[in-house]
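Reading through the structure tokens given below for one structure.
Just so you know, ligand 1 is whichever comes first in the structure, and atom 1 is the first atom listed for that ligand. Worth knowing before you read on, the calculation uses all heavy atoms, side chains too, and leaves out hydrogens, waters and symmetry mates.
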Amino acid sequence: MIEWLDVGPDLRVLEIGAGTGYNAALLAVLGCRVTSVDVSPAVVMEARASLARLAADGVDTSLGTVVHGDGYEGWPDDAPYDRVVVTCAVNGLAPSWTHQLAPRGSILVPIRHGGLSPLILVTSGAADADTAEVAGPTDMDTDTANAAGPGDTATGSTVRGRGLASAGFLPAAGPLGWQDPSSVPPFVRATAVPVTRHRLLPAALSPNALADLCFAAACLDERVTRVHIVGAPQEWGGCGVFDPDTAAAALFTHNDVILAGNPVALDVATALIGRWERLGRPKVTDWTCRFGLAGPPDAPILLAVDWACTAPS
Ligand SMILES: C[S@@+](CC[C@H](N)C(=O)[O-])C[C@H]1O[C@@H](n2cnc3c(N)ncnc32)[C@H](O)[C@@H]1O
């Protein structure tokens, strides 16, 4: 993540989720002025103690500060930031992060997507002209997604996201974890006897290709989430399709699709694999998004919307 942040001396960095303080210490040693926010007072005390121990051992962590607060608010006192790095899984961006971002700054953030939390690189339109160009509504073809689409994109209109890598993080507390009550839950459990397995691709997918498929499927269909299939004698978990009407689930694996329940979930999974194939098996990094305002009026978040594939198909 630090390599992707592309940091150097004197950059101002806001970290959301101090945890052990390790990431803040590394950034401080690299010469960044880091403000690391954590929602847990106990975690803040431990992270501060870790930085102090390092300092006592001769490691210069003087550029790192750990503060207590909800990362949803950012930390206005030290803004503007050249980089925001988020180290807990969020459902969307806090508006404060974009407000506290310096011109041409960027945000590296794991955003819930298909029940997982891949890393998304967020830039302002001006800082990522390529993305702005390809994400325009007039460029969208029939395989462009319109996932999770609360209408008002005004607040996030100059901000763009691009998929970076598959990843997993602990969920954020507070407004950053806001979930649209009408959407498919981020984690579902499906039980069925028998569970059936369906080979839909001629050859097994590599771990990276499976991650690419799952990312694309979540861009293309809101019913893609993290599913856990409870079968006998085995259980399986990962990214898949959940059909809320029938409670059926179809899990993507390297070799096949595992179906629990009504075949409608398998039909959706089959169609998604077909669309991914027709798009030329785009990678995580081939997808861009805009951001749309959602959530309660007193604590809105910016959800990733309008995923568009930029790969030549
Ligand atoms: C995986 S840890 C962070 C790891 C850390 N960057 C490190 O270097 O060790 C996730 C942290 O996010 C914090 N967290 C969760 N929700 C938060 C929020 N809304 N605001 C700030 N911190 C939050 C948790 O308390 C936890 O310490």
Side-chain angles (χ1 to χ4, degrees), residues 1-7 11-55 57 59-79 81-101 106-113 115-122 164-179 186-187 226 294-296 298-304:
M1 284 179 80
I2 288 178
E3 283 179 11
W4 275 319
L5 267 186
D6 191 21
V7 290
L11 282 194
R12 204 170 263 286
V13 180
L14 172 66
E15 181 183 42
I16 308 299
T20 59
Y22 181 63
N23 198 39
L26 291 174
L27 288 165
V29 166
L30 289 171
C32 300
R33 284 169 290 162
V34 194
T35 303
S36 184
V37 187
D38 205 286
V39 75
S40 158
V43 166
V44 168
M45 280 173 60
E46 284 190 26
R48 282 179 182 157
S50 296
L51 292 188
R53 266 198 311 278
L54 282 170
D57 285 348
V59 180
D60 184 1
T61 58
S62 57
L63 294 174
T65 310
V66 180
V67 294
H68 174 232
D70 189 331
Y72 176 78
E73 307 292 347
W75 195 260
D77 292 1
D78 296 338
Y81 300 101
D82 302 295
R83 303 284 185 271
V84 178
V85 57
V86 183
T87 59
C88 46
V90 299
N91 277 13
L93 307 178
S96 66
W97 302 342
T98 59
H99 295 149
Q100 293 169 24
L101 198 62
S106 60
I107 305 172
L108 182 57
V109 51
I111 299 182
R112 285 257 179 253
H113 182 79
L116 308 173
S117 47
L119 284 172
I120 309 295
L121 183 65
V122 180
L164 202 56
S166 171
F169 285 82
L170 293 172
L176 293 170
W178 179 82
Q179 175 84 31
F187 177 80
R226 192 150 56 95
D298 58 339
I301 61 171
L302 292 161
L303 298 185

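- A donor and an acceptor atom, one from each side chain of Asp38 and Ser40, are nowhere located under 3.5 Å apart.
- Regarding atom 20 (N) of ligand 1, its nearest protein heavy-atom neighbour is Gly71 N, 2.8 Å.
- Heavy-atom contacts of Leu176 reach the following atoms of ligand 1: 19 (N) (cutoff under 4.0 Å).
- When Val39, Val90, Thr20 are checked for heavy-atom proximity to atom 14 (N) of ligand 1, Val39 turns out nearest.
- Residue-level proximity to ligand 1 for Val43 is carried by the side chain, the only part with a heavy atom below 4.0 angstrom.
- Under the 3.5 Å distance criterion, the side-chain polar atoms of Gln100 are matched with a main-chain donor or acceptor of Glu73.
- Ligand-side atoms of ligand 1 in range of Val37: 21 (C), 22 (N), range being under 4.0 angstrom from any heavy atom.
- In this structure, the side chain of Thr61 does not engage the main chain of Ala25 through any donor-acceptor pair within 3.5 Å.
- At the shortest separation from atom 16 (N) of ligand 1 among protein heavy atoms lies Ala173 N, 2.9 Å.
- Protein heavy atom at the shortest distance from atom 12 (O) of ligand 1 is Gly17 CA, 3.4 Å.
- Short contacts between ligand 1 and Ala172, defined as distances under 4.0 Å to a heavy atom of the residue, involve ligand atoms 15 (C), 16 (N).
- Screening Leu176, Ile111, Ile120, Ile301 for a side chain to side chain contact (heavy atoms under 4.5 Å, CB included) involving Leu93 leaves a single residue, Ile111.
- Under a cut-off of 6.0 angstrom, the local environment of OH in Tyr22 is sparse, with at most 12 non-hydrogen atoms contributed by other residues, nucleotides or ligands.
- Checking only distances, Ser40 never comes within under 3.5 Å of ligand 1, N or O to N or O.
- A distance of 5.0 Å separates CG of Leu119 from CE of Met1, quoted to the nearest 0.5 Å.
- Between the His68 side chain and the Val39 main chain, a donor and an acceptor come within less than 3.5 Å of each other.
- Listed for the Arg226 side chain is no donor-acceptor partner under 3.5 Å among the backbone atoms of Phe187.
- When Leu170, Thr87, Asp38, Val86 are ranked by how near their heavy atoms come to atom 10 (C) of ligand 1, first place goes to Thr87.
- Between the side chain of Tyr81 and the backbone N or O of Trp75 there is at least one donor-acceptor pair closer than 3.5 Å.
- Atom 8 (O) of ligand 1 has its closest protein heavy atom at Asn23 N, 3.0 Å.
- Close contacts between ligand 1 and Glu15 involve ligand atoms 6 (N) [criterion: under 4.0 Å to a heavy atom].
- Contacts of Ala18 with ligand 1, taken as heavy-atom pairs under 4.0 Å, involve the backbone alone.
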